[in-house]
There are 2 protein chains.
Amino acid sequence: MKSSTIYDVAQAAGVATSTVSRAFSNPDRVGAATREHVLEVARRLGYQPNPLARALVSRRTRTVAMVVSDITNPHFFELIRGAEMRAKASGYTLVLVNAEESPRIELEQIHRLTRSVDGFLLAASRQPVEDLLQLAAGHRVVVINRRVPGLASVVLEHAEGCRQMVGHLASLGHTSVVYLAGPRSSWMAASRWAAIRGAAAELGLRAQRMGPFAPTVASGGAAADAALTTGATAAIAHNDLLAIGVLRRLADRGVQVPSDVSVVGFDDIFAADLCTPALTTLGGAHADVGRAAVEILLTSMEQSRDQPPELTVPSDLRLRKSTGVPGAPADQPGS
Amino acid sequence: MKSSTIYDVAQAAGVATSTVSRAFSNPDRVGAATREHVLEVARRLGYQPNPLARALVSRRTRTVAMVVSDITNPHFFELIRGAEMRAKASGYTLVLVNAEESPRIELEQIHRLTRSVDGFLLAASRQPVEDLLQLAAGHRVVVINRRVPGLASVVLEHAEGCRQMVGHLASLGHTSVVYLAGPRSSWMAASRWAAIRGAAAELGLRAQRMGPFAPTVASGGAAADAALTTGATAAIAHNDLLAIGVLRRLADRGVQVPSDVSVVGFDDIFAADLCTPALTTLGGAHADVGRAAVEILLTSMEQSRDQPPELTVPSDLRLRKSTGVPGAPADQPGS
DNA sequence: CAACAAATGGCAACCGATTGCCGTCCGCGG
DNA sequence: CCGCGGACGGCAATCGGTTGCCATTTGTTG
C-alpha cells in the first residue's frame with residue numbers, strides 16, 4: 001500500500017516527471033491531451049502529491065500556526081474556530097500552539113515551527129513589542145487582539161466598547177468604578193484600562209484599577225475582595241472568566257449583584273449568558289477575528305503590501321442582569 | 001537572514017554534512033570532540049534543522065492531527081488541550097481539523113494530511129466502522145470516545161456512569177426516564193442508550209428514547225418538548241449543550257426543574273455548573289483523554305503492539321441542582 | 001610487531017517533488 | 001523551400017536533510 005509518487009505516474013503515463021508535476025501545478029504549461037492523460041493515470045494510481053516534498057522546494061507549506069496565550073480560555077475557541085474554517089477553506093492547515101501564558105514557550109514554539117509553517121497568528125501575545133517586531137522581520141505574522149505599530153493586526157473593538165460600558169454604568173447612577181486588570185503583559189489590559197479611565201474622566205466617574213489578576217475564574221475571589229475594598233459600586237473585570245469568579249465570590253460573601261455591586265466582563269463567552277445573574281459583557285464576533293487574521297495572512301503571501309493592515313472587528317455591549325442601579329432593591333424572583 | 005543549513009555548518013566546522021547530521025540525530029555515531037565542535041559551530045550559526053527536509057527522508061513529521069467532529073462543542077476544548085500539551089511535551093506539533101459533523105469532510109481532510117502527519121486522533125468520529133478500519137490499515141489511528149474492535153481507543157467511562165445516573169434518578173423516586181439521543185451516527189449516543197436502557201431495566205424503570213437531536217443548545221427546545229410528551233419525570237440529555245437547551249425551554253414553558261422534571265447531561269462542560277439550575281452531569285477528566293490518546297499514538301510509533309490498547313478514563317456523576325425528587329416543592333430561594 | 005576489529009569520518013544515493021533551461025517539432029510567413 | 005518563433009516535453013539541478021557503505025585511523029590482542 002505504499003503510496004505512489006510522481007515517478008510512478010510518470011512511468012505509467014510514459015512521460016517525464018516534470019510533465020506530471022506541471023500537469024498538476026502549472027496546467028497551462030503542458031498540452032491538453034497530455035495533461036488529461038497524466039491526470040487520468042494519476043487518478044488511477046491514486047496519486048497524492050506529497051506536501052512535504054512540495055514544501056521543501058516551493059517553500060510553501062500551506063500551513064499556518066495559531067499561537068494562543070492560554071488555550072484554557074474558552075474565548076479562544078471562537079478565535080480558533082474562525083481561523084480553522086478560513087484556513088481550511090483555502091486548503092490550508094491550522095496548527096495549534098498553546099503558549100501557556102509564557103513568553104518563553106511562545107518564542108520557543110515559534111522558533112521550532114518557522115520552517116514548517118507559512119505564517120503565525122499570535123493571539124493575545126504576551127511578547128514584548130521589540131521581540132514581536134524582530135519576529136515579524138523574519139516571519140509572516142498577524143497579531144490578534146493586540147495592536148503593534150508596523151504589524152498586521154486584527155482586534156475586536158474595545159475602546160468604544162469600554163466607553164459604552166462606562167456610559168452604561170454612569171447612566172445607571174454609578175459614580176465609582178473599578179477595573180480588575182488582566183495580566184501585566186497583556187496589551188488588552190493596558191488598552192482597556194486607558195479607555196475606561198478616559199471615559200470615566202469624561203463622564204465624571206471615579207475610576208480605579210486593581211490587580212493584575214490572572215484571567216481565570218479562580219482569580220475572581222481575590223479580585224472580588226479587592227473590588228469591595230475600593231468602595232466602588234461597579235466592577236469591570238478583565239474578562240468573563242474573571243467576572244464569573246467575581247460573581248461567585250460576591251454571592252458567597254452575601255453581596256447582591258447588581259444592587260450592591262454591578263459586574264461586567266469582556267468576551268461574552270458561552271457561560272456569560274448562563275451564570276447567575278447573567279453577565280453584562282462586551283461581546284463580538286470572535287470567530288470573525290480569527291477568520292480575518294487568516295485572511296490577512298494568506299493575502300499577504302500573494303502580494304506583500306506596503307502598509308500592514310490593521311483591522312477592527314465591531315463589538316457590542318450585551319446588557320444582562322449583572323448591571324443595575326446601585327442600591328436598587330434586589331429583583332424578587334417571580335415578581 | 002536566510003537561515004543556515006547543514007551545509008553551512010559542515011563547511012564552517014570543516015566536516016562533512018553527514019557528520020553534522022549525525023551530531024544531531026545520532027550523537028553516538030560521532031566522536032565526542034567532533035560532536036562538541038559541530039554543535040558549537042551550529043549554535044554560533046543559529047542553525048535550526050529543517051523539519052520538512054528531515055521528514056521527507058525519515059518519514060517522521062513529529063506532527064499529529066486531531067480531527068474533531070465539531071469544534072463548536074466546548075467539550076472538545078478539554079480534549080484538544082490535553083492532546084496539545086502531551087504532544088508539545090514530546091516535541092510534537094498538533095494540527096487541528098474540524099470535521100463539521102461531516103464524514104465526508106473528515107475523510108477528505110485525513111486524506112489530505114496523510115503525508116504530513118504521523119498519526120490521527122479521531123474524536124467522536126462519525127465514520128462508519130468499515131471506513132475506520134480501512135483508514136487504520138493505512139495510517140496510525142487512535143479513536144477517542146468511540147470503541148472500534150481492533151483499533152486503539154480512549155473513551156471516557158460512561159456505561160457505569162449511565163448506570164449511576166439511572167440509579168441516582170431511581171433513588172430519587174423517578175420511575176420513567178427519557179434519553180434525548182445524540183446524532184444517529186454517534187457511537188456514544190448508541191452506547192449510552194444501551195447502558196441507560198440496561199440500567200433502567202435492572203432497576204425497574206421505564207426508559208424511552210427520543211431523537212436524534214443535534215448536540216447543541218439550539219436543539220434543546222425540540223428535545224424538551226419531546227421529553228414532555230413522554231410523561232417521563234427525568235430527561236437524560238445526550239450532552240450538556242443539549243441539556244442546557246432543554247433547561248431553557250423548560251423554564252420558558254414554566255416547567256419546574258427539578259420538581260417537575262429532572263435533567264441530566266454529559267461532559268460537565270464549564271457552563272454546566274453555572275446555568276440555572278446547575279446541571280447534574282457525568283463529568284470526567286477530558287484533558288486526560290486527549291493526553292492518553294496522544295500517548296498511545298506516540299508509543300505506537302516506537303513499538304507496534306500486537307493488541308491495540310483500549311483505554312478507559314474514569315468518570316463521575318456530579319450531582320447538582322437539576323435533579324431532585326419528582327413532585328417535591330420547588331426550592332424557595334433564600335429559604 | 002603483525003593482524004585484526006572497533007571507532008570515526010566522508011562519499012554519494014536518496015526522499016518527492018519543482019523549475020530553469022534546452023531541444024524538438026510544428027505551423028507559418030516570406 | 002528556408003527560416004523563425006511558439007508550444008511542448010525532457011534533462012538535471014535543487015530544496016535540506018538521512019543513511020548505507022566504504023576508507024581511514026586507532027586501539028587491542030596474540
Side-chain angles (χ1 to χ4, degrees), chain A residues 1-39 41-42 45-63 91 111-118 301, chain B residues 1-42 45-63 91 112-118 301:
Chain A
M1 176 62 182
K2 255 195 93 328
S3 68
S4 47
T5 74
I6 204 175
Y7 293 92
D8 304 329
V9 177
Q11 183 157 37
V15 297
T17 61
S18 44
T19 305
V20 179
S21 173
R22 285 195 269 257
F24 280 93
S25 44
N26 197 356
D28 297 337
R29 188 60 181 66
V30 306
T34 327
R35 182 187 339 129
E36 286 313 312
H37 177 220
V38 168
L39 260 37
V41 171
L45 264 53
Y47 166 73
Q48 198 73 9
N50 182 329
L52 276 74
R54 200 193 280 245
L56 185 55
V57 45
S58 73
R59 281 146 187 324
R60 282 291 169 81
T61 60
R62 300 188 72 80
T63 295
H111 210 57
R112 209 174 71 76
L113 288 172
T114 39
R115 305 248 74 77
S116 9
V117 305
D118 290 341
M301 314 198 45
Chain B
M1 177 59 183
K2 259 199 88 323
S3 67
S4 48
T5 73
I6 203 174
Y7 293 93
D8 304 329
V9 177
Q11 184 158 37
V15 298
T17 62
S18 46
T19 305
V20 179
S21 173
R22 286 195 268 256
F24 280 93
S25 45
N26 197 357
D28 296 338
R29 188 59 180 66
V30 306
T34 326
R35 183 189 335 132
E36 286 313 313
H37 177 222
V38 168
L39 260 36
E40 163 57 23
V41 171
L45 264 54
Y47 166 73
Q48 198 73 10
N50 181 329
L52 276 73
R54 200 191 278 245
L56 186 56
V57 45
S58 72
R59 278 141 191 327
R60 282 291 170 81
T61 60
R62 299 189 72 80
T63 295
R112 208 174 71 76
L113 288 172
T114 37
R115 307 248 75 76
S116 9
V117 305
D118 290 342
M301 313 197 45

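Naming convention: chains lettered A, B, ... in sequence-line order (proteins, then strands); numbering from 1 in each chain. Owing to the predicted nature of the structure, the values given are computational and were not obtained by experimental measurement.
- For A:Ile6 and B:Ala33, each mapped to the nucleotide of DNA chain C holding its nearest heavy atom, the one lying further toward the 5' end belongs to B:Ala33.
- Using a 4.0 Å heavy-atom distance criterion, A:Pro49 is classed as a sugar-phosphate-only contact.
- With sequence neighbours left out, the side chain to side chain contact (heavy atoms under 4.5 Å, CB included) criterion links A:Thr63 to A:Thr61, A:Thr93, A:Val95, A:Val117.
- Counting heavy atoms from C-beta outward, B:Arg54 and B:Arg62 have side chains that stay 4.5 Å or more apart.
- Rounding to the nearest 0.5 Å places CG of A:Asp28 at 6.5 Å from CG of A:Asn26.
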Heteroatom pairs (N/O) under 3.5 angstrom, protein to nucleotides 5-8 of chain C:
none

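- A:Phe24 has its CZ atom 15 Å from the P atom of C:dG16, to the nearest Å.
- For B:Glu36, there are no salt bridge (Lys or Arg N to Asp or Glu O under 4.0 Å) partners two or more places apart in sequence or in a different chain.
- In this structure, B:Thr19 reaches the C:dG10 phosphate: one of its side-chain N or O atoms is under 4.0 Å from OP1 or OP2.
- By the side chain to side chain contact (heavy atoms under 4.5 Å, CB included) test, A:Leu56 pairs with B:Asn50, B:Ala53, B:Leu56, sequence neighbours left out.
- Atom pair A:Leu52:CG and C:dT18:P shows a separation of 13 Å (rounding to whole Å applied).
- Within the 3.5 Å criterion, the main-chain N or O of A:Thr17 finds no donor-acceptor partner in the side chain of A:Ser21.
- In this structure, the CZ atom of A:Arg60 is 18 Å from the P atom of D:dC15, given to the nearest Å.
- Contact detail for B:Ser4 and B:Tyr47: the closest heavy-atom pair is O-CD1, 3.3 Å.
- Taking the side chain to side chain contact (heavy atoms under 4.5 Å, CB included) definition, one finds that B:Ser116 meets it with A:Pro51, A:Leu52, B:Leu113, sequence neighbours left out.
- Residues B:Leu56 and B:Arg35 both approach DNA chain C. Their nearest nucleotides, taken by heavy-atom distance, put B:Arg35 toward the 5′ side.
- When the P atom of C:dT19 is taken as reference, atom CZ of A:Arg54 falls 10 Å away, rounded to whole Å.
- Comparing A:Tyr7 and B:Asn50 by the nucleotide of DNA chain D that holds the closest heavy atom to each, the one mapping nearer the 5' end is A:Tyr7.
- Rounded to an integer number of Å, the gap from A:Arg115 CZ to D:dC15 P is 13 Å.
- Interface residues of residues 10-18 of chain B facing DNA chain D, ordered by number: B:Ser18; criterion, heavy-atom separation under 4.0 Å.
- At the heavy-atom level, A:Arg22 lies under 4.0 Å from base atoms of the strands shown.
- Side-chain N/O atoms of B:Tyr47 include none lying less than 4.0 angstrom from OP1 or OP2 on D:dG16.
- In plain terms, the two heavy atoms of A:Thr19 and A:Thr34 that are nearest each other are CG2-CG2, 4.1 Å.
- Atom CG in A:Asp8 sits about 9 Å away from atom P in C:dG16, given to the nearest Å.
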